[in-house]
Amino acid sequence: CDLDKKDYLGQQRVRWAKYFSVPIIEGFPKGFPFRTLSTQRALCAISQRAPEKLAPVIGALFHALWVEGNTAVGEPDGFAPLIESVLGKQEAHEIVSAVSPHN
């Protein structure tokens, strides 16, 4: 087969999403792959501070990235509003402050 790994994974991703009725964009988000270290740190902080909210935050991040194509979720300015929509302003501010590089 002449498909490279990225093409193959892209096809499989879309195929499985359709099979399970999961909304997803057809192609990869612009600039994919991108750094997600800050996002991962935020998710770890949420798992410690509000574990019951982890799944809804992951759902919001998934929707932003894989349905809307929003790659800004890799940086605090991009994921902060999504976290806030689930956790509320104060708790989201604490999470973002905890994972910001200047701390």
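We number each residue from 1, following the sequence as shown. Keep in mind that the numbers below use all heavy atoms, side chains included, and drop hydrogens, waters and symmetry copies.
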Say you draw a straight line from [atom1] of [X] to [atom2] of [Y]; how long is it, rounded to the nearest 0.5 Å?
X	Y	atom1	atom2	result
Trp66	Ile25	CH2	CD1	6.5 Å
Arg15	Tyr8	CZ	OH	7.5 Å
Glu84	Ile95	CD	CD1	12.5 Å
Gln48	Leu54	CD	CG	10.0 Å

Quiz item: Counting N and O atoms only, with roles assigned by atom type, does the side chain of Thr39 sit under 3.5 Å from a partner on the main chain of Val73, one being a donor and the other an acceptor?
Solution: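 Side chain of Thr39 to backbone of Val73, a donor-acceptor pair under 3.5 Å: yes, one is there.
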Quiz item: Judged by atom type as modelled, is there a donor-acceptor pair below 3.5 Å linking the side chain of Arg41 to the main-chain atoms of Thr36?
Solution: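 Not confirmed, Arg41 side chain does not pair with Thr36 backbone.
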Quiz prompt | Closest approach of Gly74 to Ser38 (non-hydrogen atoms, all atoms of both residues) | solution =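 That would be O-CB, 4.0 Å.
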Quiz prompt | Contact summary for Thr71 and Pro29, nearest pair of heavy atoms | solution =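 Heavy atoms of Thr71 and Pro29 come nearest at CG2-CB, 3.4 Å.
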Exercise. Could you pull out all residues at least two apart from Glu91 that satisfy side-chain hydrogen bond (donor to acceptor under 3.5 Å, both in side chains)?
Key: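 Once residues adjacent in sequence are excluded, Glu91 has no partner under the side-chain hydrogen bond (donor to acceptor under 3.5 Å, both in side chains) criterion.
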How about [X] and [Y]: do any of their side-chain heavy atoms sit closer than 4.5 Å?
X	Y	result
Phe62	Val22	yes
His93	Lys89	no
Ile24	Trp16	no
Phe34	Leu65	yes
Ser47	Leu43	no

Exercise. Check Leu82, Ile46, Ile83, Val86 against Pro56 for a side-chain contact (heavy atoms from CB on, under 4.5 Å) and give me the one that passes.
Key: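 Only one option passes, and that is Val86.
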Self-check item: By salt bridge (Lys or Arg N to Asp or Glu O under 4.0 Å) - contacts of Glu26 (at least two apart)
Solution: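 Once residues adjacent in sequence are excluded, the partners of Glu26 under the salt bridge (Lys or Arg N to Asp or Glu O under 4.0 Å) criterion are Lys18.
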Exercise. Please work out which of the three classes, parallel, tilted or perpendicular, describes the rings of Phe28 and Phe32, given edges at 30° and 60°.
Key: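 Parallel: the ring planes of Phe32 and Phe28 meet at under 30°.
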Quiz item: Checking side-chain contact (heavy atoms from CB on, under 4.5 Å) for the pair Phe79/Val99: CA distance, chi angles, key distance, verdict?
Solution: CA-CA 12 Å; Phe79 64 70; Val99 302; 4.2 Å; yes
